[in-house]
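Here the structure is laid out as structure tokens; the discussion comes afterwards.
Just so we're on the same page: letters track the sequence lines, and every chain starts at 1. Since we're looking at a predicted model, the values are computed, not measured.
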Amino acid sequence: MTSLALTHAKFQIIETARIPIALFGSAFFPSAAMLAFVVPFVGDNAEYATTATASMITFSVMSTNLFQYGVGVAEDRAQPWDPYVRTLPAGAGPRFAGRILAGLALMFVSLIPVILIATFLTEATVTPAAFLITAATTVVIAIPFILMGLAIGYSMPQKAAIVVAQLLFFPLAFLGGLMTGPGLAPGFVENLAPYLPTGGAARLMWAGVSDFPYDAGSIAALAGWTIALGWVAVWAYRRDEGRRFS
Amino acid sequence: MVLARAVDVTRRYGDNLALDGVNFEVEPGELVGLLGPNGAGKSTLVNLLIGIRTPTSGRVELFGGDPRQPQNRRRLGVTPQETGLPASLRVGEVIDFVSAHYDDPLPKAELLDRFGLTDFVRRQTGGLSGGEKRRVAVALAFLGRPQIVFLDEPTTGLDVEARRFLWDAIRSFSAEGGTVVLTSHYLEEIEALARRVVVIGGGRVLADDTVDAVRGLVAVHRVSLTVAGDLPELDGIVSAEREGDRLHLLTGDADRLVRDLVAYEVPFQGLEVRPTSLEEAFLTLTREPVPA
């Protein structure tokens, strides 16, 4: 099972890497957002620049995964190769795991420029220990967004998936407090954000890079979201029969 | 043991009834042809048996279990549609990927050799011709040393040589005891390969017998004659087709038709009576009788 998951991941990465523009696209937006918003506005304040970078990473983790899985899976399901793979003697597990591994690998590649920009163009700073904790946190917070993407990708056709991913991503970013620094969002956002997947994820990231406190309620909510989204993703995969014709 | 079975299976897509109370069984070692026009329901039946879709009602089994369960698909081989191979992967990589799903796959070199693909191993599938893709797709069905393979239109779009090559591969798999379910529009293909034909039309099994028996079952003959005017009202004509002043009639009883033509003093010329091809036999099974 694990080696099969690695096989799925490997071929997913090969396929992506042979179309390098896809890699470039996922790396471009977070870097562009860093250069447009973080560097000029909070770049010279170490504390703000650090948490803003963490917010930007959270933002790009959410958007890459939502689109990569939501739209990518819906696209794959429309290809005749997908129903063929479903006839091979393996269940959802290795395919899900392989997709997730490949997605994480590509996500990290797309985050490298963000980290380079934060390091060289802003005052953002973290200790090596905090960096490792934050890297691990990035993997953890990617999971609910991967599952959200899979739930979208497996439950609707490609065109609907694009729309739903777009409709979800902005409100989630805004209401989760990603557009503002810790404690700086409008009041209702501050109250709501800890219990949204984006807000919960951002809080974990902030806690990793700064002395922002870990909040048990917010972490529990994020765990709850992860379980719920995982359940929806598996349910959507099971009921999926490829593209529907009528 | 029955390898694949459909019991009273119905499948709807919205309001469209794709399969309507179908019963179907495949025994080990059989080479079964599923014959029917587009939209007849043969692909739906195959998709249910290989676990891609589920029946609306009724039951499907593969190796005695639910085809949706991966362990029941260990000895199953399926061809992907040729257009569906991942375009950016090389032929060798596609084989490696599929291979990884089986406990005891054929060695890559052996599969490549058997299907004449050795020269293509480094080529990306997107750059292959339609016929080359088809060969890769059919080869994949045999990669996991299957006990039963489902081949959907295996030689569509192939030239004669490539088709013979694949037919030989299918025959030798069958000769080694393998079980094959084949769908085709090519009646020639089903006649060349299958011993048993299941005719599907309008979501129902219209006939399930040997190739000879399906032909014999309808015992349809084609009666062709040159006649200027209209024919009188004659019984037993399944279809009539006019080609200039040449009239082609399909009938289940050619002797009676000829006697009637004589009895009615129809002024015909150039009478010709031929046994039908399977295709014509098939038309009479799926078409409602039409008046001449």
Side-chain angles (χ1 to χ4, degrees), chain A residues 1-24 72-73 75-99 101-102 106 154 157-158 234-246, chain B residues 11-18 39 43-44 46-55 62-63 67-90 93-94 96-103 105 124-126 137 140-141 143-144 146 149-150 152:
Chain A
M1 140 96 199
T2 38
S3 78
L4 192 54
L6 288 175
T7 304
H8 275 264
K10 180 178 136 196
F11 285 102
Q12 197 100 36
I13 290 172
I14 293 177
E15 277 192 81
T16 312
R18 294 226 170 115
I19 309 167
I21 191 73
L23 265 179
F24 176 79
V73 168
E75 216 163 69
D76 280 355
R77 285 198 307 128
Q79 304 294 324
W81 179 247
D82 186 72
Y84 169 73
V85 174
R86 299 172 79 99
T87 70
L88 298 174
R95 298 189 68 196
F96 264 44
R99 264 189 202 286
L101 286 174
L106 296 171
Y154 279 112
Q158 196 178 339
V234 170
W235 169 81
Y237 178 85
R238 293 231 169 107
R239 72 183 265 284
D240 172 45
E241 297 188 346
R243 193 163 67 176
R244 271 148 211 282
F245 296 98
S246 55
Chain B
R11 170 71 208 214
R12 289 174 183 283
Y13 299 117
D15 291 337
N16 180 18
L17 190 58
S43 293
T44 300
V46 168
N47 286 341
L48 294 175
L49 292 169
I50 62 181
I52 292 179
R53 294 183 186 275
T54 50
L62 190 68
F63 296 103
R68 303 276 284 182
Q69 296 299 318
Q71 71 269 19
N72 295 319
R73 298 196 300 263
R74 274 192 297 232
R75 307 302 305 278
L76 165 71
V78 174
T79 35
Q81 288 177 35
E82 78 201 47
T83 51
L85 298 171
S88 59
L89 293 186
R90 302 181 200 287
E93 289 168 344
V94 172
D96 290 339
F97 172 77
V98 173
S99 232
H101 291 79
Y102 294 103
D103 297 332
Q124 287 184 305
T125 65
L140 291 178
L143 183 51
V149 294
F150 286 80
D152 200 4

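Most heavy-atom pairs under 4.5 Å with chain A, from the set B:Asp103, B:Asn47, B:Ile50: that is B:Ile50.
Taken from CD in A:Gln12 to CG in B:Leu89, the straight-line distance is 10.0 Å, to the nearest 0.5 Å.
With a threshold of 4.5 angstrom between heavy atoms, B:Glu93 approaches chain A through its backbone and through its side chain. Residue B:Gln124 touches chain A through its side chain alone, counting heavy-atom pairs closer than 4.5 Å.
Formation of a donor-acceptor pair under 3.5 Å by the B:Arg73 side chain with backbone atoms of A:Arg86 is found in this model.
The shortest non-hydrogen separation linking A:Thr7 to B:Ala100 is CG2-CB, 3.7 Å. In terms of heavy atoms, A:Arg238 sits closest to B:Arg68 at O-NH2, 2.7 Å. The two residues A:Ala90 and B:His101 come nearest to each other via the heavy atoms CB-CD2, 3.7 Å. The minimum heavy-atom distance linking B:Ser88 with A:Arg18 is given by the pair O-NH1, 2.7 Å. Nearest heavy atoms, B:Leu76 versus A:Thr87: CD2-O, 3.9 Å.
Between A:Trp81 and B:Phe97, the ring planes are tilted. Angles from 30° to 60° get that label.
Contact annotation: the side chain of A:Leu88 approaches that of B:Tyr102 to within less than 4.5 Å [non-hydrogen atoms, C-beta and beyond].
Taking a 6.0 Å sphere around CZ of B:Arg75, one finds it holds more than 12 heavy atoms contributed by other residues, nucleotides or ligands.
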